[in-house]
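Let me begin by presenting the structure, written as structure tokens, before commenting on it.
Just so it is clear, the model here is predicted, and its values are computed rather than measured.
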Amino acid sequence: MSSTLADTDAPTWTDLTAFEGNTLYAVAALEADSEPTYGLAVKRVLSDLYGQEINHGRLYPTLDGLDDAGLLEKSELDSRTNRYELTDVGRDLLRDRLRQLSDAVNGGDSA
């Protein structure tokens, strides 16, 4: 988790590291495809995105940090597996970023 994110009450996109933002994307992509959103599934999406294996030691602290920041909600899927879901705050953050990128590419005011 980035130190900035840990100290922020209402995180903005610029408070996230690139990996944190991509982790939110991975959870959103799994949710959109009605796929289970457990850690190994998130890891698979990120591995495909980065073109390399993602280390467990990087992924799980990031998921926990996003949960602590209120962007993801962690729940127990079974006794060994956690599930991660976007919160409304996390989903709004992704939508705002999408709007900013769309405005930058297509023209418009992202304010």
Worksheet item: Does R83 have any side chain to side chain contact (heavy atoms under 4.5 Å, CB included) partners at least two apart in sequence or in another chain, and if so, which?
Response: T37, S75, L77, E85
Work out which heavy atom in [X] is nearest to a heavy atom in [Y]; give both atom names and the distance.
X	Y	answer
R58	T62	O-OG1, 2.8 Å
L24	L94	O-CD1, 3.7 Å
Y84	E31	O-OE2, 4.2 Å
L46	F19	CD1-CZ, 3.8 Å
P11	A69	CG-O, 4.0 Å
Y38	T81	CB-CG2, 3.6 Å

Discussion item. Check this for me: does any side-chain nitrogen of one of R91 and D88 sit under 4.0 Å from a carboxylate oxygen of the other?
Written reply: no
Flag the pair [X] / [Y] as yes when at least one side-chain heavy-atom distance between them is below 4.5 Å, and no otherwise.
X	Y	value
R97	L101	yes
Y50	N22	yes
L59	L63	yes

Worksheet item: Is D15 reaching over with its side chain to a backbone N or O of T12, donor-acceptor style, under 3.5 angstrom?
Response: yes
Discussion item. Tell me whether W13 shares a hydrophobic cluster with V105, the cluster being built from Ile, Leu, Val, Met, Phe, Trp, Tyr side chains joined at under 4.5 Å.
Written reply: no
Discussion item. Would you say L98 ends up clustered with L71 if hydrophobic residues are merged whenever their side chains have heavy atoms under 4.5 Å apart, either directly or through other cluster members?
Written reply: no
